[in-house]
Asker: 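Have a look at the structure that comes next, please.
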Amino acid sequence: MAAGATYVSIASTTLGSTASTVTFSSIAGTYTDLVIIVSAMGIVGSGAGANTNFLRFNGDTSSVYSDTRLAAGGSVSSSANTGAGSMNLGNGNEANTDNLIYSPHIYNIMNYSNATTYKTVLANYHDLETTGQRVGAVVGLWRSTSAVTSVTIYTDSSNYRVGSTFSLYGITAA
Amino acid sequence: MATANTFTQIGSTVTVGSGGAATISFSSIPATYTDLKILLSLKSPVTTAAYEVFGINFNNSTSYQGRVLYYWFGTASTGSETTFTKSSTTYARVFDTGINTLSTTYLNPNIYSSTEIYIPNYAGGTNYKVYGAVNASENNSASDGGFLELAAGLSSNATAITTITVAGRDNDFMQYSTASLYGILKY
């Protein structure tokens with residue numbers, strides 16, 4: 001028998017003022033997986049490496065994150081981080097001159113509430129402006145068995161522009 | 001407070017009939033959701049090429065730019081994508097190898113490509129419309145046929161999306177191709 005509602009909006013933030021960090025806290029453990037949809041634009045900075053998005057769980061800043069990235073701009077590149085203090089989910093919030101382009105990113109966090117396995121993230125990022133685009137895929141790891149109860153997303157080189165949105169959804173297995 | 005039932009199918013799944021279809025469209029899309037997701041299972045009748053180029057159109061817009069990352073025959077490549085025109089309509093060229101064909105050189109005739117397209121804030125009136133997309137096919141072969149594509153693109157048009165049309169550049173969609181549109185509502 002099919003389940004009932006299995007895709008639930010947990011929380012969403014639309015920035016009314018610039019910010020460099022967005023946190024979803026007090027996340028219930030009642031879902032199976034989490035999905036985060038980011039639609040963001042930076043204040044300054046453009047080009048490869050500009051306005052990278054990073055992710056942390058439960059406020060943990062210790063060196064227990066790693067990630068592997070495959071990206072395409074003018075060429076294909078791959079990169080990785082190990083022993084980092086946050087998860088690098090790819091550059092992706094171009095400060096476009098017309099202020100009309102919010103780049104979309106999708107983060108999938110599987111089995112986030114179990115207390116026995118390390119937590120993984122599967123992400124796609126799409127970095128857009130009218131004069132150049134980049135696209136990439138990322139797999140990230142948080143080497144902690146703690147259940148995820150909060151997620152922090154932040155950018156490195158500038159604030160997120162007003163109107164950037166961050167939405168958290170819960171998916172329940174049937 | 002969490003809000004349930006935020007992933008909703010809009011209209012019905014379109015299944016292409018025996019005559020094939022040049023395009024598939026969703027029209028009169030309500031503005032009551034936050035984001036849109038499109039799921040596609042597509043095949044083209046061409047037998048002389050392995051793949052058909054895939055495109056999308058929002059509200060008959062004409063200006064698109066995009067980027068694609070694709071992996072095929074063990075090699076990853078990238079391309080900058082613009083547009084193609086079919087029956088006087090301009091389409092964003094989303095994927096280079098986005099639609100499976102009947103070519104038996106590369107792909108089993110029964111395999112349809114699988115595509116997901118995500119469109120955030122489609123109903124806003126002050127933002128250019130953007131999409132992120134992934135497309136794939138598996139061919140049970142270690143040497144040929146399987147492919148994976150990731151794409152990003154934008155339409156330089158801030159009008160709320162009410163109509164979406166998808167098309168192959170040179171050929172129709174075959175029978176049993178399907179397209180489904182979903183609305184996602186944030187809290």
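Keep in mind the model is a prediction, meaning the values are calculated, not measured. Quick note on labels: first sequence line is chain A, next is B, and so on, each numbered from 1. Hydrogens, waters and symmetry mates play no part in the numbers below; they use all other heavy atoms, side chains included.
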Asker: Can you tell me which portion of A:Tyr169 sits under 4.5 Å from chain B's heavy atoms? Options are side chain, backbone, both or neither.
Answerer: side chain
Asker: Do you know which of B:Gly153, B:Ala133, B:Ala158, B:Ser63 has the most heavy-atom pairs with chain A at a distance under 4.5 angstrom?
Answerer: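 It is B:Gly153.
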Asker: Less than 4.5 Å apart, side chain to side chain, heavy atoms only: is that true for B:Phe147 and B:Tyr51?
Answerer: yes
Asker: Where does A:Phe166 contact chain B at under 4.5 Å (heavy atoms): side chain, backbone, both or neither?
Answerer: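 Neither part, no heavy atoms under 4.5 Å.
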Asker: I need the A:Tyr154 OH to A:Leu89 CG distance, nearest 0.5 Å.
Answerer: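 Spacing of OH (A:Tyr154) from CG (A:Leu89) equals 10.0 Å.
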Asker: What residues of residues 77-85 of chain B make heavy-atom contacts with chain A at a cutoff under 4.5 angstrom?
Answerer: B:Ser77, B:Thr78, B:Ser80
Asker: May I ask you to check whether B:Tyr128 and B:Asn157 show a side-chain donor-acceptor distance below 3.5 Å?
Answerer: no
Asker: Before you tell me yes or no, could you show the steps for A:Arg69 and A:Asp67 under salt bridge (Lys or Arg N to Asp or Glu O under 4.0 Å), namely the whole-Å CA-CA distance, both residues' side-chain angles and the distance that decides it to 0.1 Å?
Answerer: CA-CA 7 Å; A:Arg69 303 182 298 281; A:Asp67 53 77; 2.3 Å; yes
Asker: Give the minimum heavy-atom separation between B:Val53 and B:Phe95, together with the two atoms involved.
Answerer: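 Distance-wise, the nearest heavy atoms are CG1-O, 3.4 Å.
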Asker: Side chain from CB out, backbone as N, CA, C, O: work out which of these in A:Thr165 comes under 4.5 Å of a heavy atom of chain B, or both, or neither.
Answerer: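 The side chain, not the backbone.
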Asker: Counting only non-hydrogen atoms closer than 4.5 Å, can you tell me which residues of residues 142-152 of chain A sit against chain B?
Answerer: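 If one takes a 4.5 Å heavy-atom cut-off, no residue of residues 142-152 of chain A lies near chain B.
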Asker: Heavy atoms, side chains only, cut-off 4.5 Å: are B:Phe26 and B:Val14 in contact?
Answerer: yes
Asker: Report which part of A:Leu168 has an atom under 4.5 Å of a heavy atom belonging to chain B: side chain, backbone, both, or neither.
Answerer: neither
Asker: Please flag which part of A:Ser77 lies under 4.5 Å from any non-hydrogen atom of chain B: side chain, backbone, both or neither.
Answerer: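 It is neither, since no heavy atom gets under 4.5 Å.
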Asker: If we define contacts as heavy-atom pairs under 4.5 Å, which of B:Ile184, B:Leu154, B:Thr126 has the most with chain A?
Answerer: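 The residue among B:Ile184, B:Leu154, B:Thr126 with the greatest pair count is B:Leu154.
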Asker: Could you tell me if B:Lys43 sits above the aromatic ring of B:Tyr112, with its cationic atom closer than 6.0 Å to the ring centre and no more than 45 degrees from the axis?
Answerer: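 Because its charged atom sits under 6.0 Å from the ring centre and within 45° of the axis, B:Lys43 does stack over B:Tyr112.
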Asker: Can you tell me how the ring of B:Tyr182 sits relative to the ring of B:Phe7, calling it parallel under 30°, perpendicular over 60° and tilted otherwise?
Answerer: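 Answer is tilted, since the angle falls between 30° and 60°.
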Asker: How long is the gap from CG on B:Leu181 to OG on B:Ser27, to the nearest 0.5 Å?
Answerer: 10.5 Å
